[in-house]
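Note on naming: letters A, B, ... go to the chains in the order of the sequence lines (proteins, then strands), and numbering restarts at 1 for each one. The analysis underlying the following values was restricted to heavy atoms, covering all of them including side chains, and did not include hydrogens, waters or symmetry mates.
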There are 2 protein chains.
Amino acid sequence: MTSTSHTPRRPSAAAGRVDQAQMRAANMALILRHLRAHGGRSRARLAAETGLSKATMSSLISDLAERGLVREGQLHRAGTVGRPGLTVELDGRRVCGLGIEINVDYVALAAVDLSGTVIRESSTPVDVPRLPVDAVLDRVATLVNRMLDSIREAGLIVAGLTVSPPGVIDYAAGSVRFAPNLGWRNVPIVAELADRIGPDVPPIHLENDAKLGAVAEYAAWAPEGVSDLLYLSGDVGVGAGIIAEGRLIRGWSGFSGEVGHLPLDPEGRQCGCGRTGCWETIVGLSALLRLAAPEDDEVQDPTRPLEDRLHTLHTRADAGDERTLAALRQITDDLARGLSVLVDVLNPEVIVLGGYFAFFGDYLLEPLGAALAERRMDEGSGARLVVSRLGISSTARGGAIVALEDVFDNPTLIDTH
Amino acid sequence: MTSTSHTPRRPSAAAGRVDQAQMRAANMALILRHLRAHGGRSRARLAAETGLSKATMSSLISDLAERGLVREGQLHRAGTVGRPGLTVELDGRRVCGLGIEINVDYVALAAVDLSGTVIRESSTPVDVPRLPVDAVLDRVATLVNRMLDSIREAGLIVAGLTVSPPGVIDYAAGSVRFAPNLGWRNVPIVAELADRIGPDVPPIHLENDAKLGAVAEYAAWAPEGVSDLLYLSGDVGVGAGIIAEGRLIRGWSGFSGEVGHLPLDPEGRQCGCGRTGCWETIVGLSALLRLAAPEDDEVQDPTRPLEDRLHTLHTRADAGDERTLAALRQITDDLARGLSVLVDVLNPEVIVLGGYFAFFGDYLLEPLGAALAERRMDEGSGARLVVSRLGISSTARGGAIVALEDVFDNPTLIDTH
DNA sequence: CAAACTTAGTTAGGACACTGGCCGAACGAA
DNA sequence: TTCGTTCGGCCAGTGTCCTAACTAAGTTTG
C-alpha cells in the first residue's frame, strides 16, 4: 500500500484475469458505484437494481460495512405495504482521497471522503517561482503531512494522493517534465514527495489540472447519466479535460486536451510556446485583460490579487463599460470557434467552462451557446454548455476523487476495521 | 440471437454484475484476445502470460475448442529441454463477421473470420442515388443473403453484420438520419435489412465509415501495443475515427470525429453543409481536383472512374507537373493544420491516413510528418504518421471486425458444436 | 543406454462466491 | 386479530478457480 502509482492505466493481459476474489471485489465495486450514483437504498432494492441476489447482497453489504465503506441508515418505507428496509448508504467516516494543486502562487489541498463530501480544504500562498524547488517540495510536504495527520487523527484512511503541477507531466517517470510558469524542469515530484511524506505514504498519482477539473465536474454530472463531458479550463493557459464513456481520456502519453496551442488565431500572435496563432493568445486570461483595459489599468497590475481584478472587470461590464463588453464579445467569438472544433471532434454531451470563463459565465454562456447551436449539424450533435460551480478548488477536488477511484474500483483495498 | 443490436454500449449498472458464468466467459475472452494479439502458443505459456493456472487453462482451452474457436496446432519446442507443448491458436473455421459498406456507386461486403483472415470479399456497382431506397435495400439484402448462404454452406457461423452508410446515423433508432450523397433521409436501415435477410438474421450493427476504418486499422496496430490511434478518411468528405485506450470513441450521440467541417479555411469557402470555411473544402477530394487541374480537365470528368483519375494525377505528379505538385503541397499544408489540431486534442500514438490521402502517401507523408514534428510541444506528443494499407475495403473489413468483437467479448455466445 | 532432469498438460481435492428457496421479522390493510 | 407483502438472514447446491500431485514426453548426464 505504500507503493507510489503514477503511471496511467494501460490495457494489459494480466490485468484481465478474473478469479473469485476479483469477482467479489467487482460486485462490491458495483454496489459502491450504484450507491454513489443513486444514493442510499435498501439491500432488497440494491439487489433488484444490480441483478445480484438478495443473499449475495446481504453478504457483500456486511463485508463493505466491516470495511467501513457503507453504513446502515434509517428505516425506509419503500412502498405502502410490507416490511420497511434499512437504508444502506456510503459511509464517509473511514476513507478519503487527497488532492494537491501546486500553482504559481499558491498550494491548494482538498480532501474528499467516500461519500463525496469535502472534509478538508486549504489554500496557502506560496511564491513557487521565487523559491528553490527543494524548498517548495518541503513546503508542500509539510502542508500534506499536516493534513494527513489531521485526517488520520479523525480516524480516516487516506486512500491516495494526487499531485497536480501546472505543466507537462511524464507519467511513466512520475515527474514534471516542464512547468514554464514555475520554472521547473524534470522534477521527479512523485519520488521527492514520497521521500518527504512519512512514514505511511499513500499511493501518489500525478495528473494535470484540466484533466482533474474534468474528473471533478464529471463526479457532479455522472449521477444525471452524463458520460461524455468536456471541461475547459480558462486561466493564463487554456486546457481541456476529456471524459468519454465515463472514462478520462489521457491520450498516448497524457497530452490529450492540450488545446491552448491550437492554431486558431488568424492574426497569428506570438505565443509563449514559441509558435504563433495559439488559441490561448486570444482567449486566455492575458487576452481578456489586454482587450478590456489599457496596459496601465489597475486590472493589469500583477501585484493585485487576480480575483479582485476579475471582480473589477465584472463590475465594469455590469455598469455597461463598452470596452469591457467588447472584450467579452471578442473572447466569446474566439471561444466559440475553438469550442466548435472540440464539439466536432469529441461530440460531448456537456461542456463545462472553468477558470475565468466560469467567472464571466453570465456574459459568455448565452452567446456561446447560440454560436454553437448555429453550427449544429444535426440534433444530437449539440452540447449542453454550462459553467463550473466548483470554482478554484476543482483541481484539488478532482485529485482527491482520482485517488478515491482506486477504492471504487476495488473496495477490498481497504482492510476491515 | 436474432435480435438486432445497433445501440452503442453505455455503461450501465446491471451490466456490471459478475457471476461465475461471466467470470469464466471473461477468462475465455482474455485467452482469445491474447491469442489474437500475440499469436498461437502452448497452454503452459498462455497460463504463465495470463496469470491463470495451468489447470484452469486446460479447462478453458478445451471449452473454447469445443466451441470451435481455437484449435491445437503443431508441437512447439519452447526451450531446449522438457516436454514440448502443443500450440493453441485461433480457429477461423467456425465463426466470422460480415461488414457491409453502402456507398454512392457500389456496395462492398467483407467477411473476416475469427483469426482475422478475410474469407470473402465483394464489391458490386450500384447506382444508389438513382434507385429508390427500397430497391437499394433489396439489392443489398440479396448480396448479403448470397454471401451468408455461401459462408454458412462452408460451415461457418456469422456472428454479426455491420452496415455502414455514408451519412449521419441515429444509433438509438438504428436508422440513417441523413445521407446527402445518397439522397436518403430517415431510413430505418437496420429494421429494413433485418426484414429482408432471413430466416436467421445475425445481430445487425450500424456504424459510420471513418469509425470502421479506425477499427480496421487498429486491428492491424494493436498487436504492436498501440492503443491510441486516429484514422483520417479522405474522400469528397473527410472524417476521423478515434481509438483511445483501445476503445472506439463514439461521442455522446455518435458524432465524434466529424472533422470534415472544422472551421479551418481562413478564406471561408462555401461548403455543402451550408457553412463556410470547412476543412473538407480545402483538403477533400474536390479541393485536390480543383487545385490540380482546370475544370475541363479529364481528372474532373465525373463519368470516369475515380481510381483512373487519381492515377492520372499521380502520374502527372511523378512526371513533375508543377500544378499537380503545387496542389499536393497546398493540400499538405492544409492537412497539417487540421492534423495538428487533432494531435493537440487527442494525442494519438499513430495517425493512419486513408482514402485518397493514402493514394498520395508518397507525396504527403514526409512533408506532413515534418510539419507535425515542428509543432511538437514535447517528446511524446508527436504521433507516428502512416498510410493505410487496407485500401478501399477498410470500411467493410472494420464492420466485420466490429461484429466479431461480440465474440471476443463473450465467447460463450457461440454454442458448442 | 539408462537414470535424472525439465517442461507440458491432466486429475483430484479444496476454498469460495453466487443462487435459490425457505424462514422469521416487521409492517399495512381488512 | 389475521392476512398479505416485503425485508433480510440462513443454508444447501452448483460451479469456478487454485493448489498439489501426477503422468507424459522430451533432453541431459553419467
Side-chain angles (χ1 to χ4, degrees), chain A residues 14-31 40-67 70-89 410-412 416, chain B residues 13-31 40-66 70-89 410-412 416:
Chain A
R17 159 182 163 263
V18 187
D19 61 12
Q20 287 162 114
Q22 287 188 33
M23 177 166 80
R24 194 165 174 86
N27 285 329
M28 285 167 68
L30 176 68
I31 295 170
R41 57 204 52 223
S42 73
R43 291 169 177 78
R45 194 164 163 204
L46 276 172
E49 288 168 350
T50 60
L52 289 161
S53 69
K54 285 194 303 168
T56 304
M57 187 53 64
S58 277
S59 162
L60 291 173
I61 292 291
S62 78
D63 198 338
L64 286 169
E66 275 173 32
R67 294 174 198 276
V70 303
R71 64 176 166 196
E72 277 183 350
Q74 294 107 0
L75 251 68
H76 177 255
R77 188 142 300 108
T80 57
V81 300
R83 172 179 168 181
L86 284 161
T87 299
V88 175
E89 57 194 9
N410 182 3
T412 62
T416 303
Chain B
R17 160 181 164 264
V18 186
D19 61 13
Q20 288 164 118
Q22 285 187 33
M23 176 166 80
R24 195 167 174 85
N27 284 330
M28 287 166 66
L30 176 68
I31 295 170
R41 55 202 55 219
S42 72
R43 292 169 176 79
R45 193 166 163 202
L46 276 171
E49 289 169 349
T50 59
L52 290 160
S53 70
K54 285 195 302 172
T56 305
M57 188 54 63
S58 274
S59 163
L60 291 173
I61 293 291
S62 80
D63 197 339
L64 286 169
E66 274 172 33
V70 302
R71 63 176 165 195
E72 278 183 349
Q74 295 106 2
L75 250 68
H76 177 256
R77 187 141 298 108
T80 59
V81 301
R83 172 179 168 182
L86 284 160
T87 299
V88 175
E89 57 194 10
N410 183 3
T412 61
T416 302

Under 4.0 Å: is that the gap between some side-chain N or O of A/S59 and OP1 or OP2 of C/dA17? no
Does A/S59 have any side chain to side chain donor-acceptor pair (under 3.5 Å) partners at least two apart in sequence or in another chain, and if so, which? A/R24
Go through the structure and list residues passing side chain to side chain donor-acceptor pair (under 3.5 Å) with B/R83, not counting sequence neighbours. none
I want to verify a distance call: between D/dG8, C/dG9, D/dC18, whose nearest atom is closest to the B/L86 side chain? C/dG9
B/R17, nearest nucleotide to its side chain (from D/dG9, C/dG9, C/dT19): C/dT19
Taking all heavy atoms of B/P411 and all of B/A25, pick out the closest pair and write down the distance. CD-O, 3.6 Å
Closest heavy-atom pair, B/G40 versus B/T87, reported as atoms and distance to 0.1 Å, is C-CG2, 3.7 Å
Results of side-chain contact (heavy atoms from CB on, under 4.5 Å) for A/A26 - residues two or more places apart only: B/V18
All side-chain contact (heavy atoms from CB on, under 4.5 Å) counterparts of A/R43, not counting sequence neighbours: A/M57, A/S58, A/I61, A/E72, A/L86, A/V88
Once each nucleotide of nucleotides 25-30 of chain D is scored for protein heavy atoms under 4.0 Å, what B/S/- sequence comes out, 5' to 3'? BBSS--
Would you sort out whether A/R17 and A/Q22 count as a side-chain contact (heavy atoms from CB on, under 4.5 Å), showing the intermediate values? CA-CA 9 Å; A/R17 159 182 163 263; A/Q22 287 188 33; 4.3 Å; yes
Under 3.5 Å, which protein N or O atoms sit close to an N or O of nucleotides 10-16 of chain D? Give each pair with its distance.
from, atom 1, to, atom 2, distance (Å)
D/dG15, N2, A/Q20, OE1, 3.0
D/dG15, N2, B/Q20, OE1, 2.6
D/dG15, N3, B/Q20, OE1, 2.7
D/dT16, O2, A/Q20, OE1, 2.9
D/dT16, O2, A/Q20, NE2, 3.3

Sorted by position of nearest nucleotide on DNA chain D, 5' first, the leading residue of A/D19 and A/A44 is A/A44
Take the protein atom [atom1] of [X] and the nucleotide atom [atom2] of [N], then report the distance between them rounded to whole Å.
X	N	atom1	atom2	result
A/M28	C/dC16	CE	P	15 Å
B/M57	C/dT7	CE	P	19 Å
B/L46	C/dA8	CG	P	11 Å

